[in-house]
Structure formats: structure tokens, C-alpha cells
Amino acid sequence: MENFSIETKCIQSGYKPENGEPRVLPIYQSTTYKYDSANHLGDLFDLKAPGHMYSRISNPTLACVEDKIADLEGGVGAALTTSGQAANLLAILNITSSGQNFVSLSSIYGGTVNLFAVTLKRLGIEVRFVTPEMTESEIDALFDENTRLVFGETIANPALTVLDIEKYAKIAHKHNLPLLVDNTFATPILCRPFEFGADIVIHSTTKYMDGHATVVGGCVVDSGKFDWNNGKFPELTEPDESYHGVVYTEQFGKAAFITKLRVQLIRDFGVAPSAMNAFLLNMGLETLHLRMERHCENALAVAKFLESNDKIAWVNYPKLNSSSDFTLAEKYLPKGACGVISFGIKGGREAAVKFMDSLKLAAIVVHVADARTCVLHPASTTHRQLTDEQLKAAGIGPDLIRMSVGIENVNDIINDIKQALNEVR
Ligand SMILES: *Cc1c(COP(=O)(O)O)cnc(C)c1O
């Protein structure tokens with residue numbers, strides 16, 4: 001849907017009913033597909049003809065949602081997975097093998113840190129972290145002949161740092177490597193990383209894309225722009241023995257990366273979501289543009305309110321003038337910086353707990369980025385085993401509260417915060 005704006009694409013891309021077909025995307029609750037000849041099915045198995053053969057590899061409901069997300073990001077193809085974790089895992093494994101390494105920004109989602117630093121390490125794949133204070137030559141020194149990609153998050157969860165996509169695309173491309181960007185918090189509504197040089201985009205669709213906290217899911221999107229023929233990616237440019245010697249770059253051209261990820265890795269690891277879940281995700285995508293606008297508007301108003309309140313020690317939101325990432329946010333996130341804010345209350349851990357317990361509208365949940373306003377206090381929940389010193393080293397103060405601002409009326413959200421602050425001495 002080249003000519004339509006992104007708001008129209010949220011609603012119209014993907015499913016295209018023909019004359020007399022259902023208006024709404026059908027849920028194809030079928031594991032298998034019928035063919036008139038063994039020959040046709042044989043061609044499908046050899047990847048010589050397009051079509052579905054088994055829902056662990058592809059399904060018509062999923063395919064429509066994949067086409068929509070690819071269109072929203074401006075990519076050549078996408079693949080849905082059972083979670084954001086699975087999406088990041090497959091995106092890395094698609095071009096990395098035991099004995100190789102990759103470079104990642106250090107401020108990324110905690111679950112991704114575990115995946116990279118612990119589980120991938122057990123598979124013989126080493127992550128090398130870029131920390132914020134590193135100079136460009138220190139970053140360059142992380143690369144060697146076995147480095148295969150660069151990874152970062154557009155808006156980091158929960159640090160809320162903004163990725164300088166152009167800078168890291170330039171660094172990755174200088175080393176003939178692709179830049180992979182987890183665009184979960186921004187969504188294609190706020191930022192389209194391919195326009196700034198990223199090569200692969202990953203989503204946890206569990207967050208804003210679903211938007212209603214109903215379905216865990218993930219997605220990988222291929223820009224089709226990276227040239228894999230540079231000797232570093234034989235898994236894409238040399239025969240795949242599990243498909244009678246298919247060479248992905250020769251047979252699938254620009255869609256080589258995403259085709260291999262689907263037919264090899266989704267097939268082998270078995271991480272295809274159900275048609276029902278893809279249907280629910282599509283419902284969320286239909287209102288993504290409207291919800292993101294309200295999330296951003298509400299979050300900025302809440303962040304400004306917090307900044308002006310004398311019980312608040314600090315506020316971190318990239319769209320505040322006081323943010324160290326304000327300039328990056330203006331460049332990469334002109335429409336807003338999503339609904340997630342972090343802040344600290346004067347009085348540390350104790351005051352934070354009292355504040356949390358006093359909230360009436362905002363619920364305490366282990367989630368972010370859905371329609372309902374929610375809060376999390378890492379020091380007393382997800383990170384409660386850490387001492388104050390250990391928390392500080394992890395970049396999480398004992399007073400840090402992460403608030404995911406929903407799409408309720410903003411005055412109700414602010415009034416709830418006000419009354420909870422009144423309970424804090
Ligand atoms: C939540 C999240 C993930 C993991 O996604 P799941 O769907 O929970 O598996 C990955 N990256 C980011 C930025 C996230 O916020």
C-alpha cells in the first residue's frame with residue numbers, strides 16, 4: 001500500500017478480501033492445507049511455489065498480519081513469532097553461529113540481556129556490550145572477524161534512552177554488518193528505523209501493537225536492503241542442506257533473511273503463534289495510530305506534572321526539555337516518545353512503596369504499554385533481591401517507579417497521582 005499514509009495502513013493493509021469474501025480477517029483455524037496433486041505439494045516443499053503447507057511454517061491469517069506489519073515498517077516481509085523473546089532469538093540465530101559474536105547496546109530490556117548474556121553464551125555466541133560512555137574508537141574495538149551484527153532498542157525498556165539509529169547503522173555498515181533494532185516501544189507510528197538505515201526490525205507485539213494486554217507475541221521485519229553477499233553470511237549465500245541446497249539470496253533476493261528465518265528457524269524451533277492470536281493482534285493494529293497519539297500526549301502531560309511537583313526527585317521522559325536524550329527524541333520520535341515514564345520520589349524505597357500502594361486508578365502489574373495506566377517499582381518487585389548498591393549498579397535507583405501511562409482521561413490519571421502523593425509524607 002505504497003501511497004497510503006500510515007494511519008490508513010493500520011486499518012487497510014494486509015487482508016484484502018475478494019468479491020463476496022468476509023469483510024473481516026478470518027481465523028484460519030487449520031493446521032493443514034489441501035492440494036490437488038502431490039507434485040504441487042512437492043513444489044511447496046522445495047520452496048518453488050508460494051502457498052501454505054503446515055501451520056508451524058505459515059498460515060493465511062498470520063500471513064495477512066505479517067503483510068500489514070511489513071507495510072507499516074516499510075519492509076519486504078515479516079514473520080510472527082510466539083513472543084518478543086522468540087523474535088529476538090531467531091533474528092540473532094538467523095545469521096550467527098557458535099564461535100561468533102555480536103555487538104549490542106547495554107541499555108536494553110532485561111529479558112533480552114538474559115537471553116544474550118546467559119542463554120546465547122551457552123550456545124557459544126558471545127555478546128559484547130556498548131556502554132554509554134564509550135567513544136567511537138572504543139566501540140570499533142569491540143568488532144573482530146567473527147562479529148555478525150549490531151543490536152539496539154529505539155526506546156530502551158526501561159532506561160528510556162533513545163537509540164541514535166543513524167550512528168549505529170553507520171558503524172555496523174562500516175564493518176559490513178546489519179543493524180537490528182527492537183522497535184517495540186516506539187512502534188512504526190513513532191519511528192520507522194529502516195528510514196534511518198536499520199536493516200532488521202524486531203517487535204514484542206505484546207506491548208503497544210496488541211495494546212490490550214491480551215496476547216504475548218513477537219515479529220521480525222526485513223528491510224530487504226542489506227547486501228548479504230559479502231562473505232560473512234554463508235547461511236544465506238550458500239546452499240541450505242535442509243532444503244535440497246536452496247540458496248536464499250539467489251532464490252528469494254531481497255527477502256532472503258526473512259524467508260530463511262521462517263522456513264528454517266520457525267520450522268525447526270516451532271514458534272509460530274496461533275491464528276486466533278494473530279487475529280487479536282490485528283484488532284490491536286487497527287487502532288495503533290490512535291492509541292499511540294493518546295499515549296504520547298498523556299505521558300508528556302504526566303511527565304510535566306511530575307516535574308513540577310516538589311515531592312518528586314527526578315523524572316525521565318525523552319520528550320522533556322530536561323532529558324539528556326531530548327535532541328535524539330526530537331530527531332527520531334517527532335510525534336512522541338510512547339507512554340512509558342520513569343521517576344523517583346523523595347524519600348527513597350519507603351516513599352515509593354507508600355505511593356504505589358496509594359494509587360487507585362493506576363494498577364500495580366508486571367506489564368507496560370497497554371491501554372490501562374500501570375506502575376511497577378522494580379526495587380520491591382522484579383529486582384527485590386538486590387541491595388540498594390546493586391540496584392544503583394544496574395542503573396535502577398531504589399526510588400525508581402516505572403509508569404506506563406494509558407489512554408484514560410489524563411486528568412483522572414494526574415488526579416490519581418496527586419492523591420497518592422498526598423499519602424506520602
Ligand atoms: C517485552 C519486551 C521484549 C520481550 O517480549 P515478550 O513478548 O515479553 O517476549 C523484548 N523487547 C522489548 C523492548 C520489550 O519491551
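Side chains are part of it too, since the values below use all heavy atoms of this structure and drop only hydrogens, waters and symmetry mates. Atoms within each ligand, like the ligands themselves, are counted from 1 in listed order.
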Geometric cation-pi criterion Lys232 and Phe143, 6.0 Å radius, 45° cone: no

Which atoms of ligand 1 are found less than 4.0 Å from any heavy atom of Thr206? 6 (P), 7 (O)

Which of the atoms in ligand 1, numbered in the order shown and given with their element, are less than 4.0 Å from a heavy-atom of Glu153? 13 (C)

Closest protein heavy atom (residue, atom, distance) for atom 1 (C) of ligand 1: Lys207 NZ, 1.5 Å

Provide the number and element of each atom of ligand 1 under 4.0 Å from a heavy atom of Gln85. 4 (C), 5 (O), 6 (P), 9 (O)

Which of the ligand 1 atoms, numbered from 1, are nearer than 4.0 Å to a heavy atom of Gly217: 7 (O)

Tell me which protein heavy atom sits closest to atom 4 (C) of ligand 1, plus the residue, atom name and distance to 0.1 Å. Tyr109 CE2, 3.5 Å

Judged by atom type as modelled, is there a donor-acceptor pair below 3.5 Å linking the side chain of Asp222 to the main-chain atoms of Ile258? yes

Taking atom types as modelled, find out whether Asp182 and Thr184 have a side-chain donor-acceptor pair closer than 3.5 angstrom. yes

Enumerate the atoms of ligand 1 whose separation from the nearest heavy atom of Ser83 is less than 4.0 angstrom. 7 (O), 9 (O)

Any idea how Tyr243 and Tyr248 line up, ring-wise: parallel (<30°), tilted (30 to 60°), or perpendicular (>60°)? perpendicular

If we number the atoms of ligand 1 from 1 as shown, the ones under 4.0 Å from a heavy atom of Gly84 are 5 (O), 6 (P), 7 (O), 9 (O)

Will you find, in the side chains of Lys68 and Asn282, an N or O donor that is under 3.5 Å from an N or O acceptor? yes

One finds that the ligand 1 atoms under 4.0 Å from a non-hydrogen atom of Phe185 are 15 (O)

Heavy-atom nearest option to atom 11 (N) of ligand 1, drawn from Asp182, Thr184, Asp210, Val215: Asp182

N-O pairing of Glu136 and Lys170 below 4.0 Å: no

Looking at Asp67 and Lys16, is any side-chain nitrogen of the basic one under 4.0 Å from a carboxylate oxygen of the acidic one? no

